[in-house]
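Just below is one structure, and these are the notes that go with it.
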Amino acid sequence: MSQAVQETYKQVSGELYAEVRTFYAWQMRRVDALDIEGFAATFVEDGKVVHAGGHVQNGREEMLAGMRAALPRYRDIAVRHWFDHLLIETDPADEDVLRVSYYSLVTQTDREGNVKFEPTFTVEDELVRRGGSLFTRTRTIHRDTPVELPA
């Protein structure tokens, strides 16, 4: 996916930026540790994930089933999710809703220390604040593709 660059943006506070970065650090450490229940708990109960291939998972139970089925794929490797270039937008109609777009890189390291890179993705999340904590309501994952050259 080649994402269009916005012409204008409104910068969020440093405190909010740090809160969102910390949320993702905790969320990804859970998934990287294969703590799939802990990872699923970072989503609202009826959360939704739209994977790059179009597969949709609705709710924590579907997410958990998908992750359980994928666990054998992670035998003998250490997985790390790396997020950067976060763009955070607040919802003017609801201060408890954030829209976050970021780039994602996933690495896999085997027992010998060899590192393999997965394809890169652009991810769009909608985060919501409930009881003072952030949760993911929706996540849409787009596989990156080359940008068309200007004419």
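What you see below is based on every heavy atom in this structure, not just the backbone, and it leaves out hydrogens, waters and symmetry mates.
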Inset, instruction - Locate the shortest heavy-atom distance separating R73 from Q108; write the atom from each residue and the value. - result: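 Result for this residue pair: NH2-NE2, 4.2 Å.
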Inset, instruction - Quick one: closest heavy-atom pair of T122 and D144, and the distance? - result: OG1-OD1, 2.7 Å
Inset, instruction - Please confirm whether H85 and Y103 have ring centers closer than 6.0 angstrom. - result: yes
Inset, instruction - For residues F23 and F135, establish whether the separation of their ring centroids is below 6.0 Å. - result: no
Do [X] and [Y] come within less than 4.5 Å of each other through their side chains, counting heavy atoms only?
X    : Y    : answer
T90  : L16  : yes
N114 : T109 : no
L98  : E89  : no
V128 : L134 : no

Legend entry - Heavy-atom donor-acceptor pair, R60 side chain to A40 backbone, under 3.5 Å: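 A pair under 3.5 Å: yes.
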Inset, instruction - Measure from the side-chain N and O atoms of D84 to the backbone N and O of Y102, and report whether any donor-acceptor pair falls under 3.5 Å. - result: no
Inset, instruction - Could you go through the side chain to side chain contact (heavy atoms under 4.5 Å, CB included) check for R139 and M63 one step at a time? - result: CA-CA 12 Å; R139 172 164 293 159; M63 289 179 217; over 6 Å; no
At what distance, to the nearest 0.5 angstrom, does [atom1] of [X] lie from [atom2] of [Y]?
X    : Y    : atom1 : atom2 : answer
I88  : E19  : CD1   : CD    : 9.0 Å
F121 : H81  : CZ    : NE2   : 9.0 Å
H142 : S101 : NE2   : OG    : 8.0 Å
R30  : I36  : CZ    : CD1   : 13.5 Å
L127 : R130 : CG    : CZ    : 11.5 Å
D94  : R129 : CG    : CZ    : 10.5 Å

Consider only side-chain heavy atoms of I, L, V, M, F, W and Y, link residues closer than 4.5 Å, and tell whether [X] and [Y] are in one cluster.
X   : Y    : answer
W82 : F117 : yes
F39 : L105 : no
F43 : V97  : no
I77 : V106 : yes
Y74 : V31  : yes

Inset, instruction - Start with the C-alpha gap between K48 and E126, add the side-chain angles, then the distance that decides, and say whether salt bridge (Lys or Arg N to Asp or Glu O under 4.0 Å) holds. - result: CA-CA 10 Å; K48 177 179 177 180; E126 183 176 81; over 6 Å; no
Inset, instruction - Could you tell me whether E95 atom CD has more than 12 heavy atoms of other residues or ligands within 6.0 Å of it? - result: no
Inset, instruction - Please check if atom CZ in R29 has more than 12 non-hydrogen atoms from other residues, nucleotides or ligands closer than 6.0 Å. - result: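 Check fails, neighbour count at 12 or below.
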Inset, instruction - For a side-chain contact (heavy atoms from CB on, under 4.5 Å) with V49, tell me which candidate from V123, V56, I141 qualifies. - result: I141
Inset, instruction - Evaluate salt bridge (Lys or Arg N to Asp or Glu O under 4.0 Å) for R99 paired with D125, printing each intermediate quantity in order. - result: CA-CA 6 Å; R99 287 177 186 74; D125 283 353; over 6 Å; no
Inset, instruction - Please report the C-alpha distance between V44 and T136 in whole Å, then the side-chain angles of each, then the deciding distance to 0.1 Å, and finally whether the side chain to side chain contact (heavy atoms under 4.5 Å, CB included) criterion is met. - result: CA-CA 6 Å; V44 296; T136 305; over 6 Å; no
Legend entry - Ion pair R80/E118, N-O distance below 4.0 Å: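 No.
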Inset, instruction - Go through the steps to decide whether V20 and V100 satisfy the test side chain to side chain contact (heavy atoms under 4.5 Å, CB included), and finish with yes or no. - result: CA-CA 9 Å; V20 170; V100 184; 4.3 Å; yes
Inset, instruction - Please name all residues satisfying side chain to side chain donor-acceptor pair (under 3.5 Å) with D96, sequence neighbours left out, ordered by chain then number. - result: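 Partners of D96 by the side chain to side chain donor-acceptor pair (under 3.5 Å) criterion come out as none, since no residue qualifies.
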Inset, instruction - Run the numbers on D110 and D76 for side chain to side chain contact (heavy atoms under 4.5 Å, CB included), then give the verdict. - result: CA-CA 6 Å; D110 67 19; D76 295 324; over 6 Å; no
Legend entry - Flag for T42-Q27: side-chain donor and acceptor within less than 3.5 Å: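 Side-chain D/A pair, Q27 to T42: present.
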